[in-house]
Amino acid sequence: MFNLKHVVHDWVVEPVLSFVAPAQCLICGEPLLQSHKVVCQSCYGKISPLDPAYLESLRDEIRTPYFDDLIVCYPFDQTFQYLIHLLKYQRQFSVAELFGESLAHFVPLNFDLVTAVPLNPVRYKERGYNQSELIAKQLSNITRIPLSSNLLIRLRNTQSQTKLSREARKQNVKDAFTINGEVEGKRILLIDDVITTGSTLNECARELKKNGASWVTAAALATPTDFFQSDDISQMDVGDRMLDQIHG
């Protein structure tokens, strides 16, 4: 949807600000070297890679996985929380470039297509862009894996996942997606920004496999690690409070 305010910001305000003010780290405010567009090396270096043991536990807790591989780069810590908030709500698109560059270091190159989990249509209308698609686009630019922006279509506005149990999340997104393209025999890299229980990614992977995809790798930038995945919503309160701040 056309939004004049966003156009003015992206094409007039942002270039002017970039010209009159030196680039600064979005986290600590220190001046950035020319090669750093978003955060300084010190701040970004504080985001530790996700513990492989936690990733393995997350895999095990996704019952009946339809994807063939799962890649998650980082724990969802305060630095990452702040960066993704800037991307989703402050239109800091250079954060998507940073995330795409980071993810490119974690994924193999043997894919036919890269695509992103489609955003809830209501949120897309409000925001004007899908942050996961921006990340996928940057990854595609770096790896030369072809981007298929509309390969997955969300058929309906699903309820927010934030306050739902694992089983309720699965039911909430069941049959919520469809395919818009040819995936028969293809290896697909499926991108999302944050994974919690994996219900949405897994449902997207199910739809891809149902339509003949030979391999699906689900990849996300981060996952909360301060709660155990559980059907008991009371055990998920801590993680959900953090997710409330990025999902609104």
Side-chain angles (χ1 to χ4, degrees), residues 3 5-52 54-55 71-107 114 116-117 119 123-124 126-143 147 162 191-196 219-227 238-248:
N3 189 309
K5 182 176 71 173
H6 291 165
V7 171
V8 171
H9 180 275
D10 293 345
W11 293 94
V12 179
V13 177
E14 190 66 31
V16 170
L17 290 177
S18 297
F19 177 76
V20 300
Q24 293 180 319
C25 174
L26 294 176
I27 296 175
C28 69
E30 290 296 315
L32 292 173
L33 299 176
Q34 189 173 4
S35 60
H36 298 144
K37 299 178 181 179
V38 186
V39 299
C40 66
Q41 190 64 35
S42 176
C43 287
Y44 197 68
K46 293 176 183 176
I47 306 177
S48 302
L50 184 68
D51 185 342
Y54 187 89
L55 178 58
I71 298 171
V72 185
C73 305
Y74 305 110
F76 190 74
D77 66 3
Q78 290 183 338
T79 300
F80 192 93
Q81 179 184 0
Y82 179 60
L83 287 172
I84 201 165
H85 182 90
L86 290 172
L87 172 59
K88 294 178 72 169
Y89 303 119
Q90 302 297 322
R91 300 179 64 82
Q92 293 284 353
F93 298 138
S94 54
V95 174
E97 297 178 9
L98 175 67
F99 287 164
E101 292 168 5
S102 298
L103 195 54
H105 292 293
F106 287 82
V107 301
V114 58
V117 171
L119 193 64
R123 287 200 178 124
Y124 189 90
E126 293 172 347
R127 194 174 299 163
Y129 58 93
N130 176 357
Q131 72 282 349
S132 296
E133 184 178 335
L134 295 179
I135 295 168
K137 181 179 180 180
Q138 178 66 11
L139 185 145
S140 173
N141 290 339
I142 294 171
T143 62
L147 174 68
T162 305
I191 304 296
D192 205 357
D193 53 355
V194 177
I195 179 174
T196 309
L221 266 296
T223 184
T225 58
D226 57 351
F227 66 92
V238 176
D240 285 341
R241 283 199 298 271
M242 177 181 285
L243 285 177
D244 266 337
Q245 299 180 46
I246 64 167
H247 289 308

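Once rounded to the nearest 0.5 Å, the distance linking CD of Gln92 with NE2 of His85 reads 10.5 Å. Between the NZ atom of Lys88 and the CZ atom of Arg127 there is a distance of 5.0 Å, given to the nearest 0.5 Å. From Cys73, atom SG reaches atom CG of Leu50 across 8.5 Å, with rounding to the nearest 0.5 Å. Taken to the nearest 0.5 Å, the CG atom of Leu139 stands 13.5 Å off from the NZ atom of Lys137.
For the pair Ile195 and Ala220, the tightest heavy-atom approach, listed with the atom from each and the gap, is CG2-CB, 3.8 Å. Minimum heavy-atom separation, Leu32 to Val39: CD2-C, 3.5 Å. The shortest non-hydrogen separation linking Cys43 to Cys25 is SG-SG, 3.8 Å.
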Applying side-chain contact (heavy atoms from CB on, under 4.5 Å) to Tyr44 and Leu98, what does each step give before you reach the verdict?
CA-CA 10 Å; Tyr44 197 68; Leu98 175 67; 3.4 Å; yes
Given the rule in the side-chain contact (heavy atoms from CB on, under 4.5 Å) test, do Gln131 and Leu119 qualify, once you have shown the distances and angles that lead to the verdict?
CA-CA 8 Å; Gln131 72 282 349; Leu119 193 64; 4.2 Å; yes
Where do Leu147 and Asn141 land on the side-chain contact (heavy atoms from CB on, under 4.5 Å) test, with the steps shown first?
CA-CA 9 Å; Leu147 174 68; Asn141 290 339; over 6 Å; no
Is there a side-chain contact (heavy atoms from CB on, under 4.5 Å) between Phe93 and Leu134 once you walk through the steps?
CA-CA 8 Å; Phe93 298 138; Leu134 295 179; 3.6 Å; yes
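Looking only at atom types and distance, the side chain of Tyr74 has no donor-acceptor partner in the side chain of Thr223 under 3.5 Å away.
Here salt bridge (Lys or Arg N to Asp or Glu O under 4.0 Å) pairs that include residues 92-105, with residues two or more places apart or in two chains, are Lys37-Glu97.
Between Ile191 and Val117, every side-chain heavy-atom pair lies at or beyond the 4.5 Å cut-off. Using a 4.5 Å heavy-atom threshold, the side chains of Ile135 and Gln138 count as separate. In this structure, the side chains of Cys40 and Cys28 come closer than 4.5 Å at one or more pairs of heavy atoms. The closest side-chain heavy-atom distance from Asn130 to Tyr124 is below 4.5 Å. Looking at Leu87 and Asp193, their side chains never come closer than 4.5 Å, going by heavy atoms from C-beta outward.
Aromatic pair Phe99/Phe80: centroids less than 6.0 angstrom apart.
For Thr79, the side-chain contact (heavy atoms from CB on, under 4.5 Å) partners at least two apart in sequence or on another chain are Ile27, Ile47, Asp77, Leu83.
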